[in-house]
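Since the structure comes first, as structure tokens, the remarks are kept for the end.
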Amino acid sequence: MSVSARNSALAAGCIFLTLAGGWSAACAQENKPAGQKPAQLPPGRIRGPSEQVAEIIISGRLLRNEGKYDEALAQFDKALKTARFTMDRSGEAWAISNVATVYRYRAEKEADKAAELIKKSAEHYEQAANIARENADKHNEAYATLYLGVLAAMRKDPDQALRRYAVAMPLFEAEGDDYYIGRTYAYQARAMLLRRDPLKALELFEKALPLLREVGMLNEAAEVVGEMQAIYAAIVR
């Protein structure tokens, strides 16, 4: 098949998918002019899933952020079933990671159940990371690995946390994701505080701050500034 015939066939297929409600990132990329780079995704938006799956997951994340955990899990389950039905492996990995986030959020609030919830969360992140790795999906692998590190930090194991962050960082760098690079630096800094190394923590927070600011995540940048101020206050006492 010639290039022009292939493009015509793909364009027709993308039109059909759009009408059927299945518009995908692949179609969006195919319709870009030659040589044009993919548009940067908003901070926090994972790469890879179809628009259909991503929209369901985003609705679940909004519910999760409101503390409506059961409703959020229902949305993530819907996204997971949709991803599996449409053979969207990136969507499958991200849906599973988002199930993990519910258990992680609950672990932060339910101290009496924290160990059990962290274990459940880790199982889901591991599953998501494995799917992403099989799919050569660096962004989803990095995302799941980053939060496996966060869970290790929640268990007061900074060494394990730092090992996870060291795996996630080059994957985010390969994807050019400044937001998650900044986030990873911030989590590395917090692990250094668990190690009682405030000067190294400051160094890492200073790397995180401009990246978070540049992508417009000023709330997270402000949090980093507050943590830095607390370190300086403790050092000068």
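Counting from 1, the numbers follow the sequence of the chain as shown. We use all heavy atoms of the structure for the numbers below, so side chains are in, but hydrogens, waters and symmetry mates are not. All figures in this text were calculated on a predicted structure; none of them were measured in a lab.
Partners of Arg84 by salt bridge (charged side-chain N to carboxylate O under 4.0 Å, His left out), not counting sequence neighbours, listed by chain and number: Glu92.
The local environment of CG in Asp159 is crowded, with over 12 non-hydrogen atoms from other residues, nucleotides or ligands closer than 6.0 Å.
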- Show your working on ring pair (Phe, Tyr, Trp, His ring centres under 6.0 Å) between Tyr143 and Tyr180 and close with a plain yes or no. CA-CA 8 Å; Tyr143 179 87; Tyr180 274 111; 5.7 Å; yes
Tyr69 and Lys109: side-chain hydrogen bond (donor to acceptor under 3.5 Å, both in side chains), yes or no, with the steps? CA-CA 12 Å; Tyr69 297 131; Lys109 296 181 179 181; 3.3 Å; yes
- [ ] Test salt bridge (Lys or Arg N to Asp or Glu O under 4.0 Å) on Lys200 and Glu203 and set out the steps.
- [x] CA-CA 5 Å; Lys200 184 62 177 179; Glu203 179 185 325; 3.1 Å; yes
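One finds the OG atom of Ser50 at 14.0 Å from the CZ atom of Arg89 (value rounded to the nearest 0.5 Å). Atoms CD and CG, on Glu220 and Leu209 in that order, are 11.5 Å from each other to the nearest 0.5 Å.
For the pair Leu73 and Glu71, the minimum side-chain heavy-atom distance is 4.5 Å or more. Counting only heavy atoms from C-beta outward, the side chains of Tyr232 and Gln229 never approach each other to under 4.5 Å. At least one side-chain heavy atom of Arg61 sits under 4.5 Å from a side-chain heavy atom of Asn98.
Using a 30° and 60° split on the angle between ring planes, Tyr125 and Tyr147 fall in the parallel class, below 30°.
Note: the hydrophobic cluster containing Leu194 does not contain Met169 (ILVMFWY, side chain heavy atoms under 4.5 Å, direct or indirect links). Residues Leu199 and Met192 are members of one and the same hydrophobic cluster, defined by side-chain heavy-atom contacts under 4.5 angstrom among Ile, Leu, Val, Met, Phe, Trp and Tyr.
With Tyr105 as the aromatic partner, Arg64 meets the cation-pi criteria of under 6.0 angstrom to the ring centre and within 45 degrees of the ring axis. Note that Arg190 lies in the cation-pi zone of Tyr187, set by a 6.0 Å cut-off to the ring centre and a 45° limit from the axis.
Taking a 4.5 Å side-chain heavy-atom cut-off between Ile, Leu, Val, Met, Phe, Trp and Tyr, the cluster of Leu80 extends to Ile96, Ile131.
Counting only distance, with no hydrogens or angles, the side chain of Asp177 and the backbone of Tyr179 share a donor-acceptor pair below 3.5 Å. A donor-acceptor pair is defined here as one N or O able to donate and one able to accept, closer than 3.5 Å; no such pair exists between the side chain of Asp88 and the backbone of Pro49.
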